[in-house]
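Note that this is a predicted model, so its numbers are computed, not measured. Proteins get letters first, then strands, A, B, ... in listed order; numbering begins at 1 in each.
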Protein chains: 2
Amino acid sequence: MGKCEQCIVREFSSFKALTKDELVHMANCKTSKTIRKGETIFSEGDTIGGVFCVKDGVCKMTKLSSNGRDQIVHLVKRGELLGQRSMISDEPANLSAVALEDMQVCFIPKSEILTFFNQNNRFSMGVMKTICGDLKQADDIMVNMAQKTVKERLALTLIYLEDTFGTNADGTLKLQLSRDEIASMIGTATESCIRLLSEFNKLGLIELVGKKIVVRQRAKLERMGE
Amino acid sequence: MGKCEQCIVREFSSFKALTKDELVHMANCKTSKTIRKGETIFSEGDTIGGVFCVKDGVCKMTKLSSNGRDQIVHLVKRGELLGQRSMISDEPANLSAVALEDMQVCFIPKSEILTFFNQNNRFSMGVMKTICGDLKQADDIMVNMAQKTVKERLALTLIYLEDTFGTNADGTLKLQLSRDEIASMIGTATESCIRLLSEFNKLGLIELVGKKIVVRQRAKLERMGE
DNA sequence: GCAAAAACATGATATATGTCATGCAATTTG
DNA sequence: CAAATTGCATGACATATATCATGTTTTTGC
């Protein structure tokens with residue numbers, strides 16, 4: 001059983017506001033889990049009963065639309081928490097969480113988190129700020145979905161992926177998504193996504209190395225996203 | 001200067017968690033304002049420095065997209081608070097607020113709200129729940145924008161308007177939006193919105209009484225939205 | 001290492017939706 | 001009250017994007 005006080009990830013999350021005592025207490029309540037790429041952490045409608053702290057790896061938060069297609073609403077990485085919203089609203093999960101890479105997560109039960117809420121104001125303020133950040137992002141994406149073309153959204157998404165998850169030594173995007181997953185982020189058909197990637201490739205905006213992607217002309221992509 | 005303790009609206013908002021003393025104190029800090037239909041309460045980018053409590057009337061929260069079109073992200077009615085997110089994130093407003101009807105609002109400065117956050121846990125928990133509700137709604141709308149057709153979105157929006165704002169004695173929707181505003185909610189061109197309304201009208205799903213709208217076959221509209 | 005499945009790619013075609021143009025109705029303004 | 005502006009409505013047309021079809025490449029599982 002790892003010690004939360006020594007967990008590096010703590011520094012990036014709302015948990016950084018917790019005292020040493022609180023962290024020790026949390027370490028005794030938490031459960032660590034390894035999750036394989038492709039595995040589901042929880043599904044839409046599940047009652048979660050706590051939050052997951054992502055120690056390593058990235059997962060996608062998706063929602064199934066009535067047309068049978070999955071939409072990727074959000075990506076969550078190291079240091080972030082999963083399931084905060086459901087916990088606070090006291091509702092079943094609105095989104096599913098599926099690992100995009102092998103992950104290390106810790107589950108902290110709701111009762112524990114609520115205790116922190118009551119006794120540590122900096123902590124609850126931190127969680128609030130995170131959720132407010134998510135809300136702002138969601139509003140922005142909503143506007144993009146409603147007002148931008150698929151091409152524009154793809155351009156913006158590529159930049160987002162580079163900024164948020166970085167690149168490997170060879171310049172390829174660190175977070176490797178399938179064409180289908182990229183399509184599911186921008187809300188389009190897989191074929192359309194593939195076609196546009198080919199087009200960007202021909203224009204020299206990006207380079208396709210197998211299924212990996214290198215952003216070549218970032219400024220032009222940015223302008224394309226308007 | 002009205003007394004917050006006696007304000008009916010208080011019962012619908014997060015302020016219901018405040019004590020009598022806190023309400024008295026708030027009454028001394030607040031500023032009441034009348035806002036005319038069409039007037040802007042604040043604009044994207046403004047530093048607000050507090051929250052507005054909506055005592056009466058409805059406003060739209062919009063965001064300007066780079067294509068020059070306004071997108072309606074959210075509607076806010078009696079009892080709800082404006083600018084909570086910006087206040088908590090300590091950022092300028094991400095959205096503009098424009099009155100859709102004549103409004104009565106009270107402005108409460110940030111310092112006051114932060115005091116309540118620190119001393120009253122039920123209050124901060126209430127605000128958190130509201131924001132979590134907004135986040136869920138935003139995620140759901142995002143998926144609809146990405147996955148549903150304009151026709152489906154229009155059907156869902158009409159139902160939403162009926163459920164949220166109710167109907168007049170003659171069955172027309174209480175909240176009267178222009179065609180342009182409805183288009184701006186569902187993220188489409190005004191002409192497309194008008195055409196679909198005509199189509200729904202011909203199909204008997206709705207009835208157009210001048211610019212007012214009556215939902216006639218709610219169940220069919222629901223099914224159409226899937 | 002091979003069969004099967006999944007992911008990627010591209011063409012042909014259909015269709016939903018945006019854009020431009022025009023006219024009428026309703027509302028505002030001087 | 002007339003004039004002007006704004007909102008509503010509809011047609012014609014352009015185009016972005018979805019869908020269907022097919023082939024190739026890559027990955028997976030035994």
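A donor and an acceptor atom, one from each side chain of A:Ser66 and B:Lys148, are located under 3.5 Å apart. Side-chain atoms of A:Ser65 and A:Arg69 include no donor-acceptor pair closer than 3.5 Å. In this structure, a donor-acceptor pair under 3.5 Å is present between the side chains of A:Thr172 and A:Asp170. With no hydrogens or angles considered, no side-chain donor-acceptor pair links A:Asp70 and A:Ser184 at under 3.5 Å.
Annotation: B:Lys55, atom NZ; neighbour count of heavy atoms from other residues, nucleotides and ligands within 6.0 Å does not exceed 12. Around atom NZ of B:Lys110, more than 12 heavy atoms belonging to other residues, nucleotides or ligands sit under 6.0 Å away.
Applying a 4.0 Å cut-off to non-hydrogen atoms, the residues of residues 194-211 of chain A that approach DNA chain D are A:Arg195, A:Lys211, listed by residue number. Of the residues in residues 167-192 of chain A, A:Ser178, A:Arg179, A:Asp180, A:Glu191 come within less than 4.0 Å of DNA chain C through at least one heavy atom, sorted by number.
Between A:Tyr160 and A:Phe165, the ring-plane angle classifies as perpendicular under the 30° and 60° cut-offs.
What separates NZ of A:Lys148 from P of C:dG18 is a distance of 15 Å, to the nearest Å. One can place NZ of A:Lys151 at 17 Å from P of C:dG18, the figure rounded to the nearest angstrom. The CG atom of A:Leu154 sits 12 Å away from the P atom of D:dA18 (whole-angstrom rounding).
The minimum heavy-atom distance linking A:Ile113 with A:Ile108 is given by the pair CD1-CG2, 3.8 Å.
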